[in-house]
Amino acid sequence: MLFPHLRGVFVEQVVQDGDGVVIQARTAARQTRCTACNTWSERVHSRYRRRLRDALTACRPVVIELLVRRFHCDNSDCERVIFTEQVEGLTSRHAQRTPPLRAMLEAIGLALAGRAGARLATQIGARAGRSSLLRLIRALPEPEVGTVPVLGVDDFAFRRGHTYGTILIDMATHRPIDLHDGRDSAPLQAWLRAHPGVEVVCRDRSSSYADAVRVAAPDAIQVADRFHLWQNLIAAVEACLMRHRNAFDEPLFTPDQPAEHEPPAVEEPDEAAEDEPLGRVALRYRANHQTVHKLLAEGHSLRAIARHLGWSRHNVRKLARAERWKDLVVEQRPRGSKLDDFKLYLHVEWDAGRINATDLCQEIRAMGYQGSYAILAAYLRQYRPGELRKPGPIKTVAPPSIREVTGWFTRHPDRLSEADRLQLKTLLTRCPPLEEVHELVKSFATMMSEREGHRLPEWIDVVLASDHPSLRRFARGLRKDFDAVTAGLTLPHSSGAVEGNVNRLKMIKRKLYGRANLDLLRKLVLLNH
């Protein structure tokens, strides 16, 4: 039960050797077959001991010392005169590991590849080098492909922007079945000819894949992936919004951020109040505290106030919880400055009209000043006319970016917040041409989600008659690949499984530090599923 692979041998002794276990055994059969001609033989030539590393037992490494025999081959026509007996399920030619240990190391290699797999194998006592693990992976047989009625095709990057490959997926099982070097049509054509029976091909908008399927599998239905169609539409919408960028150069207001809202007036501090903190920090805290509490009194939420003012919610929450603005001002003890010993001299020179900071810095350095020029310049800046900072009005929301507006146009309406919906409505009111873009995007989204591919010709005609160059380019591209796009908007097939396998392939590449050759990457992708 514990050692089924030792069924064909006699175990003579089990001894402890340090932290490991040594099993001494000998073969049990009286005769064996020649490994070359399969002829039975009983004539023993000699004996020797083989040491085989076995899988761990009770977290201890196991070594099997097996006494094996060499036999004479009785077949005079056999080229092998002497051969060594092999125990089924335990030994093979030149092997130094038992099948259980080999299977364990193969699983570790498939999961972690070279260096990481070698570290794990060493930790569990099944020591193996990274090169040994990679050799085990390369020696594994590839799974049978069989007939693939629905095939998924996509490209992936060996090195982004430089070299690419092609991955093929069986859409019925969602398993990768092949990897090719390059993303041109020739390898895909060869594969399709070698594996007839493909009825549907799910692909992206690549023309090379379309040409390969058209040549090698003309009866197969090509299905353009809806994900890539939507991606192409998003790019067209983004280019369209760039033409109307001036429509949202100014902020768009949400219900929590009304356009007609004026910043509240900030009361000047009462200079006669001796107990109130003074200074720029105190003045800023007072103004911010009044602003937040005024907006709270108007019924705005903390989130809306933070978005409106451009502050973090943590700061808004701190201001809202403080009953008095003075509670926010931490009493700070005055700290000494390197300029303290030279301030009297600086004030005398300043009053005499000498306000050049560079000259004053050279003079006080000659008198022993060890600070920097920046400290002196910052101190003198407060005495220059017009340099004092005054509290300005509260911040307004920054104009939305192209990316944000594109998201408003292309996301499902149920996933838009109330603020986003109002900003979108404001934008469409400001720029009527974008109203048409919004309607076209909604129409295409409905056509894609409801599988209404029969509406595609009408939609293309409307877009081509519009005044949006980027959308017209998108529509002309759909017309060039019309059959595949119509199938993608009608049939239930999708390339989601292909994209998922491409992401898994990227993870395997990162695990291999991007240095795996195609043969090793191929094994890991096809077998590690």
Side-chain angles (χ1 to χ4, degrees), residues 241 244-332 386 388-432 434-435 438 442:
L241 291 172
H244 300 278
R245 184 67 178 87
N246 56 350
F248 46 97
D249 276 344
E250 297 179 1
L252 303 170
F253 294 89
T254 66
D256 294 323
Q257 302 162 341
E260 63 275 5
H261 178 74
E262 295 292 336
V266 180
E267 299 180 4
E268 292 295 331
D270 186 4
E271 297 182 2
E274 298 180 358
D275 59 336
E276 291 189 354
L278 299 177
R280 288 180 296 176
V281 175
L283 186 61
R284 185 171 68 249
Y285 269 115
R286 179 173 182 166
N288 294 347
H289 185 268
Q290 291 177 359
T291 299
V292 170
H293 280 266
K294 183 174 180 62
L295 293 174
L296 285 173
E298 294 176 1
H300 300 293
S301 64
L302 293 179
R303 185 188 297 272
I305 294 172
R307 188 167 53 244
H308 178 45
L309 299 176
W311 301 343
S312 68
R313 275 191 290 167
H314 172 74
N315 289 336
V316 173
R317 190 184 302 114
K318 182 177 68 174
L319 291 164
R321 289 176 178 176
E323 296 183 1
R324 303 184 308 162
W325 69 270
K326 288 182 286 187
D327 298 337
L328 300 167
V329 181
V330 180
E331 183 180 0
Q332 296 181 350
L388 282 177
R389 287 188 176 181
K390 306 227 178 194
I394 60 175
K395 295 181 182 178
T396 59
V397 176
S401 64
I402 293 287
R403 190 184 185 92
E404 287 179 297
V405 180
T406 304
W408 299 343
F409 274 67
T410 56
R411 283 205 304 270
H412 194 282
D414 294 342
R415 296 184 180 179
L416 293 177
S417 64
E418 188 63 32
D420 292 340
R421 280 194 288 269
L422 186 68
Q423 291 190 87
L424 176 58
K425 183 178 179 181
T426 305
L427 173 61
L428 298 180
T429 303
R430 279 189 194 175
C431 186
L434 292 181
E435 178 71 33
H438 187 243
K442 285 202 307 183

Looking at side-chain heavy atoms only, is the closest gap between L424 and L428 below 4.5 Å?
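Yes, close enough: below the 4.5 Å cut-off.
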
May I ask you to test the L309-N288 pair for a side-chain heavy-atom distance under 4.5 Å?
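No, too far: nothing below the 4.5 Å cut-off.
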
Working to the nearest 0.5 Å, report the span between [atom1] of [X] and [atom2] of [Y].
X	Y	atom1	atom2	result
L241	R403	CG	CZ	13.0 Å
R313	S301	CZ	OG	9.5 Å
L427	K425	CG	NZ	13.0 Å
L416	L422	CG	CG	12.0 Å
S312	R307	OG	CZ	14.0 Å
R324	R286	CZ	CZ	12.0 Å

Of all heavy-atom pairs between S401 and R245, which one has the smallest distance, and what is that distance?
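Closest heavy-atom pair between S401 and R245: CA-NH2, 4.5 Å.
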
Measure from the side-chain N and O atoms of [X] to the backbone N and O of [Y], and report whether any donor-acceptor pair falls under 3.5 Å.
X	Y	value
R317	L302	no
H293	L319	yes
H289	A322	yes

